[in-house]
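The chains referred to below are lettered A, B, ... by the order of the sequence lines, with proteins before strands, and numbering in each begins at 1.
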Amino acid sequence: MSRVRALAVVLMLLASCEREDRRLDSREFTTRYATWSDSSKGPYDHNAHGTTEGQMLFEQMNCSGCHANGGGGMGPALMDDKWIYGSNPNEIFTSIASGRPNGMPAWKSRLNNEQIWRLVAYVRSLSGLTPKGDRPSREDHMMVKPSPYQTPKAKPVIVRSTFTPAGR
Amino acid sequence: MRRLLVIIASASLVVCNACKPEPSRSTGSRDVAVGAAPTEGTDAPPEDGQWVRPAKDFASTRYSGLAEINTSNVNALRLVASFSTGVLHGHEAAPIVAGSTMYVITPFPNIVYALDLSKPGFPVKWQFNPTPEPAAQGVACCDVVNRGVVFDNGRIFFNTLDNHTIALDAASGKEVWNTKVGDINIGETMTMAPLVVKGKVLVGDSGGEMGVRGWLKALDANSGKVLWTAYHTGPDSEVLIGPAFKPHYSQDQGKDLGVSTWPADMWKIGGGTMWGWISYDPAQDLIYYGSGNPGPWNPEVRPGDNKWTTTMFARKPDTGEAVWAYQISPHDLHDYDGINEQILVDMPWNGTKRKVLIRPERNGYVYVMDRVTGEVLSAEAFGYVNSTNGVDLKTGMLQYNPDKETQVGKVVRDICPAAPGMKDWQPTAYSPKTGMLYIPHQNLCMDEEGVSANYIAGTPYVGMNVKMTAGPGGKRGEFEAWNPQTGKQVWAIKEDLPVWSGTVVTAGDVAFYGTMNGLFKAVDARTGKQLWQFDTGSGIIGQPITFKGPDGHQYVAILSGVGGWSGMIVSAGLDPRDSSAALGFVNAMRDLPAKTKMGGKLFVFAL
């Protein structure tokens, strides 16, 4: 089990090494905080390594259990153009850190802000919202969908939840 | 004499089939009904024209003695009333009729409506809104469904998605009691319809994909107090296994098997939930039901039989004590939950009358079991199976096919049936008139790849990548008539989409079922010939019922509204590009959004 996991980690790291691993410089510090000034791109959007770490967290934290590989299930699809709570980095950060009422757990007690920002980058890469060259280009499992690299950029729209709010 | 010969001949055939490794059978064309000997349900009270519980009677026949609507006139069936529930998720519930009132429950937020059948148009008498916690929706694995309310002794009982069992006064809709029996924070939800037996409300939990520990509870129908809890993993004292326990097979005998057949402590998060159907035999005073899949799906991390998941239980309703148990799929590999319905019949078997229960099982076999002893009398495939090679009738052991065993880091292809099984929750009907079962089911296979499973409370605990596809022949569903005595199909209607609806069969020899593209169909119970259909506009995954209205005439009712595990691609708006969405079901349902839209509506028909 753990051997396989370790192998997967190595493969992922190799995959990310193939692309440019830009230094985070001053931004690194900022990601410790829960807000980010640029609403058009997140702190790890342009960072292939950070995005791949987000991909690993997405599986380890069981995000994939509810959102599948982006197509959704118990939770909504994250690879499409539809957003209930918004697609900009701060909005996604809030979705992950604080949770959302119709069944999205809050992760801030389990993940630090930097980890959450990496998840933000991976979530955004799923619908092509991050620069193409920095999106993960392979999935390390059975082919179930095109990789974020191959996924066309979606134009985000805000939709009403398919869930029923407030139980009424 | 001649019938006896037929039975003996078929019984020996059954044995032979079980020793042959060849698991499949031809899923061929329609045959004529031959040799189906009419039998009796144990609980066949005189037809009262009502439908007070989803399964109709304690024997779970879903058979109605009404015959005003029959094969000669069903083509004249017309819509007499319809009612929008205001909810757009999978409507799996059976409408319930007691006296001159119909009771309908919606998926989350589990609104209960009472409709007055004595007035034209069936207006709403009362509505009850339990306002369940919205967060429950995030831990419901397979759409936010509810399988129905039950009427007993002037009360309506039901479960909410956020784990409340509620009793209402049937006349006024006022809450009588409300008991919280589970916790969404550890991934529990409730979707099943309760069964009320001897003043006890029997309820179980869902959440086999979330690492919950499954149970069945009995609540006092008067007060809502929990009288007993039977867990499906753990020590005997908590499984309610005691001196009365006499399992038929040696693999089910021993002390605390619910602990020793697991790696240390994994039984605490081992699944074995109960979200399906319970039957009751008043003569034996026993309830019968099965438990769900072990968790996580990835079997490599839980070596052992993983008792008592996917296990049939016979229990005393007063105390919950187990009288026998039979593990259907020891160390389940493919999410073959054991929560399906069992139909109780008294049937000639090898020349003697046996008290049996018949279960069209998720793993692909129709089990005929002696319900007194727990012995498996036959287990015949009712569709294409390659994950196992039948059941050894001597030992009761399911024969696994090692080629279809999943592994971490390896993709095993073409496992049949797929995770939802040959048949999921959608219940079968049984006609004592024709002696046949009417089985709505799917025809799906899958590719699986084991991945690591991390337990985080309240999140999925699955560890498996799944990708489902249509089974052999390409048609994803089937409505099949089955002769339980011969263990053979009598006729079958192939459907393009999985048949995810329940069914009802009547003394008029008509069987009703619905399709996922919204057609409500009536077929001749003897031949399978389609006699009538009605387009309800949204996929049907509900349970049809039939009843006698206050005007003395026969009615047929169904809820339409696509969803459920199979229909989540539409009801939850999933992205068809991801094959693994909805635990891999989306791969087999990409065309559904083009074939149906969300809905939530009751339809009532009469001549």
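- Of the atoms belonging to A:P76, not a single heavy atom falls under 4.5 Å from chain B.
- Considering every non-hydrogen atom in both A:M143 and B:K467, the closest pair reads O-NZ, 2.8 Å.
- If you measure heavy-atom distances from A:R110 to chain B, the contacts under 4.5 Å come from the side chain alone.
- Side-chain atoms of A:N62 come within 3.5 Å of backbone N or O of B:P460 as a donor-acceptor pair.
- A distance of 5.0 Å separates CE of B:M210 from SG of A:C66, quoted to the nearest 0.5 Å.
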Under 3.5 Å donor-acceptor pairs involving side-chain atoms of residues 568-583 of chain B, not counting sequence neighbours:
residue	atom	partner	partner atom	Å
B:S571	OG	B:D143	OD2	3.2
B:D575	OD1	B:R577	N	2.9
B:D575	OD1	B:R577	NE	3.1
B:D575	OD2	B:R577	NE	3.4
B:D575	OD2	B:R577	NH2	2.8
B:R577	NH2	A:M79	O	3.0
B:D578	OD1	B:S580	N	2.9
B:D578	OD1	B:S580	OG	2.6
B:D578	OD2	A:N69	N	2.8
B:D578	OD2	A:G70	N	3.3
B:D578	OD2	A:G71	N	2.8
B:D578	OD2	B:S580	OG	3.4
B:S579	OG	A:V144	O	2.9
B:S579	OG	B:N587	OD1	3.1
B:S579	OG	B:R590	NH2	3.0
B:S580	OG	A:N69	ND2	2.7

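- At a threshold of 4.5 Å between non-hydrogen side-chain atoms, the residues B:E448 and A:M142 do not count as touching.
- Of all the listed residues (A:G99, A:G75, A:G65, A:G72), the one sharing the greatest number of non-hydrogen pairs under 4.5 Å with chain B is A:G72.
- Contacts of B:V462 with chain A are absent, with no heavy-atom separation under 4.5 Å from either backbone or side chain.
- Only the backbone of B:A140 has a heavy atom closer than 4.5 Å to any heavy atom of chain A.
- Contact annotation: the side chain of A:M61 never approaches that of B:N454 to less than 4.5 Å [non-hydrogen atoms, C-beta and beyond].
- For A:T151, the part sitting under 4.5 Å from any heavy atom of chain B is the side chain, from C-beta outward, and nothing else.
- Heavy-atom neighbours of A:Y149 OH from other residues, nucleotides or ligands within 6.0 Å: at or below the threshold of 12.
- With hydrogens and angles disregarded, no donor-acceptor distance shorter than 3.5 Å links the side chain of A:N102 to the backbone of B:A135.
- The part of B:V466 that comes within reach of chain A is its backbone (N, CA, C, O), which places non-hydrogen atoms under 4.5 angstrom from that chain.
- Atom CH2 of A:W107 is separated from atom CD1 of B:I456 by 4.5 Å, given to the nearest 0.5 angstrom.
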